[in-house]
Amino acid sequence: MEPTKDNNESNKLLASVDWFTVMLYLVLVVAGAISIYAATTNSLAQTSIFDFNTYSGKQFLWIGLSFVIGFSLLLIDRRIYEGYAYLIYIFMIVVLIATAFLAPNIKGSHSWLKFGPVSLQPAEFAKTATALALAKLFSTYGFKLGHWRTYIVPVAIILIPVICILLESETGSALVYLSLIFVLYREGMSGIVLYAILAAVSLFVVMLKFADQMVMGIPMGSFIVLTCVMISIVLMLFLYCRAMIPGRNVAIGYIASALAAWGLSSLGVSINGYVFFFTVIPASIIYLLIAMFRENINRMLITIGFAVMSIIFMFSVNAVFNNVLQPHQQNRIKIALGMMEDVKDKGYNVNQSKIAIGSGGLTGKGFLQGTQTKLNYVPEQHTDFIYCTIGEEEGFVGTSLVLLLFLVLIMRIIAIAERQHTAFGRVYAYCVAAILIFHVTINIGMVIGLVPVIGIPLPFFSYGGSSLWGFTIMLFILLRIDAARAEYGTW
């Protein structure tokens, strides 16, 4: 009996699926369920890992349903995802708005919709919808980033769900979407924009971290920022503007001014930092304005704008920190930056998490042998702080293996992105990679105290159906899009 056309197509589809990525997915979700079992099971009264009355049993149920969802997505024609990308995005935005008003208040957040015994967090699924919408936009004929007007739609696609999720008082989930800015950079966004974003984050941290120490009569934070502004001006003149003579002159002027200030200080003359910087920097800006018109180097205007905006941003940091951020958010940032110690209240989770990871040593205490875990010292250990369970029981070896698995998965997704024959597939793949990188980096950084606690899960490990299903849908749609690559040329 000859095989039917449908069977041939199914066999071809199965053959073209990236099964290595599927294998990585299976290893991660199973390792996650085992970690949840370790985090929630008392070694003196052990229950079955598959007991549906336990967190691990429920997680295995979510995993089983995820397999059904994932393999169902593989059977859908990949053109559906591209053709209905905008409709899916609009639908999820409507759901997010409805969630902000209909969801019950759970620990101050209105982000969970209840369907009988099941609660779902729409923000987890909206990530996939946003990635599809961005991919659809970049696959539009003739669309590419260039003039500032071309940034309006992609930035809006990213910011609309951010605003909707902020209405739900779910700051952590909202920040995840900002990782998609890196996708814009991959698709042609100027490096100066990314540089400005990273500089803003660095300036914010420096201004807060060194606000109480004084140098030349001004806060050390302001001193460092203004010094960095001067250095950035010189580097941008040389590397970005390719203006060698103006760059040389500005550098000489800065060095001469610094030497003059040092000389006067050694003679006992008191020099205020603000007087020094706001004499030297404006003088260099005036010189650059003259040079710009004389040598017709338009990029100098961007250099000047960067310097001015950095100074304005510097003076706005305290106002934003004190008036925009909530008190608990302020405390988390202070604890992460080492400005505040509160091991009994706001910093309790992170402190206990670091103790748990540190006590694991090289090889850990052994499966189900973690004392921090068994005595419930770390709250929410089966959700956002699941990584500290791995650190305590499996040690440095176990945590490194988990990081290695995520690294291999992310590198595989990037490789999938680069082999796509369509802009839609490439952009969507990079969106998946960016979201995964953000989740892994921030969650693990949060657990070990390097970043503030913002409450985002570790993909495939943290307990919960919404997170697991959200990442499963995102990943298997990518696998389906990638499986169709043979239609566009040689594999």
Side-chain angles (χ1 to χ4, degrees), residues 134 137-138 142-159 178-207 221-259 273-274 276-317 320 423 426-427 430 434:
L134 267 184
L137 175 66
F138 278 95
F143 180 84
K144 64 179 181 178
L145 294 177
H147 192 273
W148 67 267
R149 292 188 184 90
T150 61
Y151 287 86
I152 295 176
V153 176
V155 170
I157 288 174
I158 295 172
L159 290 184
L178 300 182
S179 65
L180 298 177
I181 294 294
F182 291 96
V183 180
L184 303 188
Y185 174 69
R186 168 60 181 82
E187 293 302 311
M189 183 179 75
S190 173
I192 199 68
V193 178
L194 187 61
Y195 174 68
I197 294 172
L198 296 177
V201 174
S202 301
L203 297 185
F204 184 85
V205 171
V206 168
M207 284 296 297
S222 298
F223 180 88
I224 295 173
V225 167
L226 292 169
T227 301
C228 289
V229 168
M230 292 171 61
I231 295 173
S232 294
I233 290 175
V234 173
L235 291 177
M236 289 179 69
L237 286 173
F238 282 122
L239 302 178
Y240 179 64
C241 300
R242 304 292 181 183
M244 302 304 171
I245 295 177
R248 180 200 63 190
N249 294 342
V250 169
I252 291 174
Y254 286 161
I255 293 172
S257 300
L259 290 174
Y274 284 137
F276 170 77
F277 285 111
F278 290 121
T279 299
V280 174
I281 294 178
S284 66
I285 289 176
I286 293 173
Y287 165 74
L288 290 178
L289 286 171
I290 296 172
M292 181 181 72
F293 290 109
R294 181 183 302 166
E295 302 188 27
N296 194 27
I297 303 176
N298 294 329
R299 287 191 171 188
M300 281 188 186
L301 188 59
I302 295 178
T303 302
I304 294 169
F306 175 82
V308 173
M309 293 305 298
S310 296
I311 294 171
I312 294 174
F313 183 81
M314 180 188 75
F315 285 112
S316 69
V317 168
V320 171
R426 182 183 67 250
V427 173
Y430 271 107

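Hydrogens, waters and symmetry mates play no part in the numbers below; they use all other heavy atoms, side chains included. Not measured: the values here are computed from a predicted model.
- Taking every heavy atom of both residues into account, Tyr287 and Ile245 meet most closely at OH-O, 4.4 Å.
- Arg248 and Phe238 get closest at one heavy-atom pair: N-CZ, 3.4 Å.
- By the 4.5 Å heavy-atom criterion applied to side chains, Leu184 and Ile158 are counted as neighbours.
- Going from atom CG of Leu134 over to atom CG of Leu180 covers 6.0 Å, rounded to the nearest 0.5 Å.
- Arg242 has its side chain out of reach of Arg299: every pair of non-hydrogen atoms, C-beta onward, lies at least 4.5 Å apart.
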Checklist entry - Would Phe278 and Ile311 count as a side chain to side chain contact (heavy atoms under 4.5 Å, CB included) if you check the C-alpha gap in whole Å, the side-chain angles of each, and the deciding distance to 0.1 Å? => result CA-CA 10 Å; Phe278 290 121; Ile311 294 171; 3.7 Å; yes

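- Taken from CE in Met244 to CG in Leu237, the straight-line distance is 10.0 Å, to the nearest 0.5 Å.
- How far CD1 of Ile181 is from OH of Tyr151: 10.0 Å, rounded to the nearest 0.5 Å.
- How far OH of Tyr240 is from OG of Ser232: 13.5 Å, rounded to the nearest 0.5 Å.
- Ring orientation note: the planes of Phe204 and Phe313 are tilted relative to one another, at an angle of 30° to 60°.
- The number of heavy atoms from other shown groups lying within 6.0 Å of CZ (Phe143) is above 12.
- The two atoms that bring Cys241 and Met300 nearest to each other are SG-N, 3.8 Å, heavy atoms only.
- Here the closest heavy-atom approach between residue Val234 and residue Gly247 is recorded as CG1-O, 4.4 Å.
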Checklist entry - side chain to side chain contact (heavy atoms under 4.5 Å, CB included) between Val193 and Tyr185: does it pass, once the steps are laid out? => result CA-CA 8 Å; Val193 178; Tyr185 174 69; over 6 Å; no

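- The salt bridge (Lys or Arg N to Asp or Glu O under 4.0 Å) pairs that include a residue from residues 225-239 number zero, where partners must be two or more places apart or lie in different chains.
- In this structure, the side chains of Ile281 and Met230 come closer than 4.5 Å at one or more pairs of heavy atoms.
- With contacts defined as side-chain heavy-atom distances shorter than 4.5 Å, the pair Ile233/Phe306 does not qualify.
- You'll find the side chain of Pro246 reaches within 4.5 Å of the side chain of Leu288, heavy atoms only.
- Using a 4.5 Å cut-off on side-chain heavy atoms (C-beta onward), Val317 and Leu203 make no contact.
- Ring pair Phe223/Phe277 is perpendicular by interplanar angle, where above 60° counts as perpendicular and below 30° as parallel.
- The side chain to side chain contact (heavy atoms under 4.5 Å, CB included) test with Met189 is passed by exactly one of Val155, Leu145, Val183: Leu145.
- Here the OG1 atom belonging to Thr303 is positioned 10.5 Å from the CG atom belonging to Leu239, to the nearest 0.5 angstrom.
- The CD1 atom of Ile231 lies 10.5 Å from the OH atom of Tyr254; values are rounded to the nearest 0.5 Å.
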